[in-house]
Amino acid sequence: MERGERPWGTYTVLEENKNYKIKRIEVNPGQRLSLQMHHHRSEHWIVVSGTAKVTCGDRERIININESTFIPIGSNHRLENPGVIPLTIIEVQSGEYLGEDDIVRFQDDYNRAGNEEETLP
């Protein structure tokens with residue numbers, strides 16, 4: 001299984017095929033992912049532990065255990081852990097291309113916005 005360490009936590013790829021990828025994403029307390037979008041995939045997030053603060057477009061909402069949200073292709077979005085325990089979500093990506101380089105970052109707490117290696121032109 002592919003596992004990635006990030007400044008905000010970790011991700012583990014649980015299953016992958018041509019049209020979908022399933023990940024477990026763990027976000028440390030008080031941390032958040034970049035405000036980003038994808039050109040080629042949508043994402044469905046299911047909270048399995050902790051509480052998520054989700055930004056999608058101009059909406060912010062709190063997602064609790066056993067709740068989910070859908071992120072359409074091309075939507076600006078962000079995942080945040082406002083709690084004091086680790087946040088764990090299951091992410092189901094679907095689309096024509098699922099590579100990690102299909103990330104356009106608009107704002108990032110870890111100075112990765114505009115990083116050529118992780119941002120499509």
Side-chain angles (χ1 to χ4, degrees):
M1 285 192 294
E2 176 188 342
R3 180 176 160 86
E5 301 273 335
R6 296 291 186 262
W8 45 260
T10 62
Y11 73 87
T12 304
V13 176
L14 303 175
E15 186 173 338
E16 181 173 10
N17 96 9
K18 183 177 169 244
N19 298 315
Y20 71 88
K21 185 185 293 187
I22 302 171
K23 290 182 179 180
R24 179 179 56 243
I25 297 176
E26 299 173 353
V27 183
N28 296 326
Q31 301 298 306
R32 63 185 183 171
L33 285 66
S34 58
L35 179 63
Q36 59 187 253
M37 63 87 74
H38 309 290
H39 290 288
H40 303 283
R41 71 175 184 248
S42 62
E43 298 174 337
H44 189 154
W45 297 341
I46 303 117
V47 175
V48 295
S49 176
T51 301
K53 181 177 177 184
V54 174
T55 302
C56 186
D58 58 358
R59 287 189 59 204
E60 278 187 4
R61 58 187 281 218
I62 298 294
I63 308 292
N64 296 301
I65 294 173
N66 294 325
E67 296 178 339
S68 65
T69 192
F70 178 72
I71 310 295
I73 292 174
S75 295
N76 293 357
H77 61 279
R78 170 176 273 164
L79 177 65
E80 183 173 346
N81 181 354
V84 296
I85 64 169
L87 164 65
T88 303
I89 70 161
I90 300 301
E91 174 182 85
V92 180
Q93 302 175 358
S94 59
E96 61 187 46
Y97 178 73
L98 305 172
E100 287 299 310
D101 58 348
D102 182 20
I103 300 174
V104 177
R105 288 190 173 92
F106 300 104
Q107 195 276 328
D108 183 73
D109 295 346
Y110 314 102
N111 298 315
R112 298 175 300 165
N115 182 335
E116 293 302 320
E117 292 179 13
E118 297 183 354
T119 304
L120 286 179

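- The heavy-atom pair separating E26 from W8 by the smallest distance is O-CZ3, 3.6 Å.
- The closest donor-acceptor contact from the side chain of N81 to the backbone of V27 lies under 3.5 Å.
- Between S42 and Q93, every side-chain heavy-atom pair lies at or beyond the 4.5 Å cut-off.
- Taking every heavy atom of both residues into account, E60 and T55 meet most closely at CG-OG1, 3.4 Å.
- Here H77 pairs with H38, W45 under the ring pair (Phe, Tyr, Trp, His ring centres under 6.0 Å) rule; sequence neighbours left out.
- In plain terms, the two heavy atoms of C56 and P72 that are nearest each other are SG-CD, 4.0 Å.
- Rounding to the nearest 0.5 angstrom, the gap separating the CD atom in E2 from the CD atom in E16 is 6.5 Å.
- Contact of the I71 side chain with the V54 side chain is registered, since non-hydrogen atoms from C-beta on lie closer than 4.5 Å.
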As a quick check of understanding, evaluate side chain to side chain contact (heavy atoms under 4.5 Å, CB included) for I90 and I22, giving each step before the final call.
CA-CA 7 Å; I90 300 301; I22 302 171; 3.8 Å; yes
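- Interatomic distance, T12 OG1 to R24 CZ, rounded to the nearest 0.5 Å: 4.5 Å.
- Using a 3.5 Å distance cut-off with no hydrogens or angles, the side chains of E91 and Y11 do not pair a donor with an acceptor.
- In this structure, the separation between CG on N66 and CD1 on I46 is 10.0 Å, given to the nearest 0.5 Å.
- No donor-acceptor distance shorter than 3.5 angstrom exists from the side chain of R61 to the backbone of A52, with no hydrogens or angles considered.
- A heavy-atom distance below 4.5 Å is found between the side chains of P82 and K53.
- Of the charged side-chain nitrogens involved, at least one lies within less than 4.0 Å of a carboxylate oxygen, so that K23 and E100 count as a salt-bridged pair.
- For E67 (side chain) and N64 (main-chain N/O), a donor-acceptor pair under 3.5 Å exists by modelled atom type.
- Grouping the Ile, Leu, Val, Met, Phe, Trp and Tyr side chains by contacts below 4.5 angstrom, directly or via other members, places I89 with V13.
- S94 OG to N19 CG: the interatomic distance, rounded to the nearest 0.5 Å, is 8.5 Å.
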Between R41 and Y20, is the side chain to side chain contact (heavy atoms under 4.5 Å, CB included) condition met? List the steps.
CA-CA 9 Å; R41 71 175 184 248; Y20 71 88; over 6 Å; no
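- One N or O on the side chain of D102 and one on the backbone of H40 form a donor-acceptor pair closer than 3.5 Å.
- Taking 4.5 Å as the limit, some side-chain heavy atom of F106 sits within range of a side-chain heavy atom of M37.
- Listed for the R78 side chain is a donor-acceptor partner under 3.5 Å among the backbone atoms of L33.
- L87 has its side chain within reach of L79: a pair of non-hydrogen atoms, C-beta onward, lies under 4.5 Å apart.
- Legend: ring pair (Phe, Tyr, Trp, His ring centres under 6.0 Å) pairs involving residues 51-71, not counting sequence neighbours: none detected.
- The only member of Q31, R32, R6, R105 that meets side-chain hydrogen bond (donor to acceptor under 3.5 Å, both in side chains) when paired with Y110 is Q31.
- Connectivity analysis of hydrophobic side chains (ILVMFWY, heavy atoms under 4.5 Å, direct or indirect) links I73 to nothing; its cluster partners are none.
- Contact check for P7 versus R112: side-chain heavy atoms found under the 4.5 Å cut-off.
- Side chain of K21 to main chain of L98: a donor-acceptor pair is present (N/O by atom type, distance under 3.5 Å, no hydrogens or angles).
- Between H39 and V104 there is a side-chain heavy-atom pair separated by less than 4.5 Å.
- Of the possible donor and acceptor atoms, one in the side chain of D108 sits under 3.5 Å from a partner among the backbone N and O of N111.
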Carefully, step by step, assess I65 and V48 under the rule side chain to side chain contact (heavy atoms under 4.5 Å, CB included).
CA-CA 5 Å; I65 294 173; V48 295; 6.0 Å; no
